[in-house]
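Values reported hereafter were calculated over all heavy atoms of this structure, with side chains retained and with hydrogens, waters and symmetry mates removed. Reminder, nothing fancy here: chain letters follow the sequence lines and each chain counts from 1. These figures come from a predicted structure and were not determined experimentally.
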Protein chains: 2
Amino acid sequence: MAEKVTIATVARHARVSRQTVSNVLNTPHIVREETRQRVQEAIDVLGYRVSQAARQMRTGRSRLIAMRIEPTRDGINGSVLDRFLHGLTETAELAGYRVLLYTAGDTQREIAAYDDLLSAYDLDGFVLTGTDHGDARTTWLAQREVAFVAFGRPWDDPTAHPWVDVDGAAGTARATEHLLERGHRRVGFLGWPAGSGVGDDRRSGWRESLRAAGIDPAGLDRAVDDGIAEGEWSMRDLLSSGEPPTAVVCASDSLALGALQAVRATDPAVAVVGFDDTPVAAAVGLTSVSQPLGEAAARCVDLLTAVLDGDQQSPEPVLLQPSLVLRHTA
Amino acid sequence: MAEKVTIATVARHARVSRQTVSNVLNTPHIVREETRQRVQEAIDVLGYRVSQAARQMRTGRSRLIAMRIEPTRDGINGSVLDRFLHGLTETAELAGYRVLLYTAGDTQREIAAYDDLLSAYDLDGFVLTGTDHGDARTTWLAQREVAFVAFGRPWDDPTAHPWVDVDGAAGTARATEHLLERGHRRVGFLGWPAGSGVGDDRRSGWRESLRAAGIDPAGLDRAVDDGIAEGEWSMRDLLSSGEPPTAVVCASDSLALGALQAVRATDPAVAVVGFDDTPVAAAVGLTSVSQPLGEAAARCVDLLTAVLDGDQQSPEPVLLQPSLVLRHTA
DNA sequence: AGGCAGGATTGGATCGTTCAAGTTTCTGGA
DNA sequence: TCCAGAAACTTGAACGATCCAATCCTGCCT
């Protein structure tokens, strides 16, 4: 069992003071090149590694960022955040940060979790997902000057805090235009009830595209909660209306999957496009709008490190463009 | 900006020494009840929280456990580990631990990651997933007496280290028996090439069930790498053989999905059963063997905390039973 | 009243790092 | 040669908790 290697061990071995070793690690430019090399060599030989605990105690920084992990939900939509998490972990690691996970039942408890994570673990920052109108979490964090980035726009004030998001409206617009090009005129939309930022955004892309093509969107859409069953019955409803659509754009793959079932039972010629390009969509051949999740995660890390390194208080937000993945259903 | 609350602040407020506060926190039974209450009250009033960094520096424990997160793979099989991760985070939190994520390209680099995590972050333990024959990781960890649990058996020596696993053979056996009960006789199997612990295990469940029913399994199975495409062509191959099966059990949902496509194109009456009960299976109505992932994660935390608290050096391993989720395809 | 065992409580020392303030060494211009 | 000023390096003093060893009670027995 080898002796524990501390900064003092390295200092002794390289015949310099502890502080010089610390400087080699943190501010190499103020150390003479020759000395730097000697210290670096000692570090390598001894296999020294900084103790995050000790560093953290002095500096109050932990090189840890946290992301919330949701309870295992339906598995279709959950996969989006999981993929984002994978990307986040990889990119954060490259930037020298690690990702810590936490859970929280509701917003109330999520804020309690922040409090705990900050005071106990000295967390450096948070990555929020799924922001909503008047999000209590962002106000709490901003008030305490905690660094954070949101994956999802602040729907009330776009400059409220740093964020990265995918342009949902552009995604549904692209899907709608694709269907129009294929000759469809009555393109329907299955989305969520008004009020959610993401949902309204996705609906607007479809609506504006229709309008731009001179088509009145009235009566061509439905608003339901997310889910396969909901998708199925609202699609049946849409198909049995006065002027049934010949194609439909959906706000999620769950809805699209349900719609697909309704379509197969009624009129298999109707085209369906989903949103999120989940594994399920890939498996059943569903055309879907794909979010660049890895890219989004990477940009989140960029923004967060920019804030943490003090480069800028509020770096420029990032809005990424989704792409349409064509498969059998449209 | 409130003054930072340390153990000394609490001590002053409760008119006791720091050590007594520490005792209230760590060894409450040696503190007089009256004092304990007074201290506890001060803690609540002041909103005190222990600084993990300081504690960690003195004790070398961090109340952090790590799990590896794989690069975003095909999305179908990845979801299994994601669901496990969700469960792990939730249960660990209840036990007072948090989950730290890390990535690693190969076994070599995974071991380097251990080294880093241990010396820099003083990690308490690891949860390994997907162990294989002669796993280099487990030997490395065991040698250094690092606490860890594996989700997956040590295929060489069942007492090598604490583990939790799901009885794959029982799963495929249950699936096979279900098909036999439904009147099928020639029940096929689509699995992976021999050599992987998990794969061999799942294949054996099918083989033994057939034998027990007096059926010769020879020629009824295929061994291919995992994937939808692989599932499809090997199923086509099986269906065009001399004595084609009337039902097939698969080692994964990916294979089953491929098989399903082959079946639809050839003979829709052939039954298909998958493995893992992924969201995709649920979406397409695929009957599948379901692993109790939440339970598995919980038991992993149990075993790990048992080791960490020093209760037992090597707690009893846990083998959980999977269940068959019946849907349309079988 | 004195002695004593045992539990309850306390005061330094310590973990490994960084910060702040010092001291030494180097450099170049008068 | 001397000296100012910068560069390079060193030395205590934290950070906040826990460990260790020592001290203080408290009740009980003689």
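The aromatic rings of B/Trp155 and B/His133 sit tilted relative to each other, their planes meeting at an angle between 30° and 60°. Aromatic ring orientation, A/Phe148 versus A/His161: tilted (interplanar angle from 30° to 60°). Classified by interplanar angle (parallel below 30°, tilted 30° to 60°, perpendicular above 60°), the ring pair A/Tyr114/A/Tyr102 is perpendicular.
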Set out, in order, the CA-CA distance, both residues' side-chain angles and the distance that settles side chain to side chain donor-acceptor pair (under 3.5 Å) for A/Gln37 and A/Glu41, then state yes or no. CA-CA 6 Å; A/Gln37 283 188 8; A/Glu41 204 175 292; over 6 Å; no

I'd like to know whether A/Thr305 forms a side chain to side chain donor-acceptor pair (under 3.5 Å) with A/Asp309, so could you lay out the CA-CA distance, the side-chain angles of the two residues, the decisive distance to 0.1 Å, and finally the verdict. CA-CA 6 Å; A/Thr305 50; A/Asp309 298 347; 5.1 Å; no

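Distance, B/Arg15 CZ to D/dC24 P: 20 Å, rounded to whole Å. Computed from coordinates, the B/Arg12 CZ to C/dG11 P distance equals 13 Å when rounded to whole Å. Here the P atom of nucleotide C/dT25 and the CD1 atom of A/Ile30 are 18 Å apart, to the nearest Å. Here C/dG7 presents its C1' atom at 17 Å from CZ of B/Arg36, a figure rounded to the nearest Å. C/dT27 atom C1' lies 13 Å from atom CZ of A/Arg32, rounded to whole Å. Rounded to a whole Å, the CD atom of A/Glu34 is 15 Å from the P atom of C/dT25.
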Could you encode protein contacts along nucleotides 13-20 of chain C as a string, one character per nucleotide from 5' to 3', using B for base contact, S for sugar-phosphate-only contact and - for no contact, with a heavy-atom cut-off of under 4.0 Å? BBBBBBBB

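By the neighbour-count criterion of 12 heavy atoms within 6.0 Å, atom CD of A/Glu33 is densely surrounded, having more than that number from other residues, nucleotides or ligands.
Phosphate contact (OP1/OP2 of D/dA8, side-chain N/O of A/Thr20, threshold under 4.0 Å): absent. Between A/Thr35 and D/dA8 there is no side-chain N or O to OP1 or OP2 distance below 4.0 Å.
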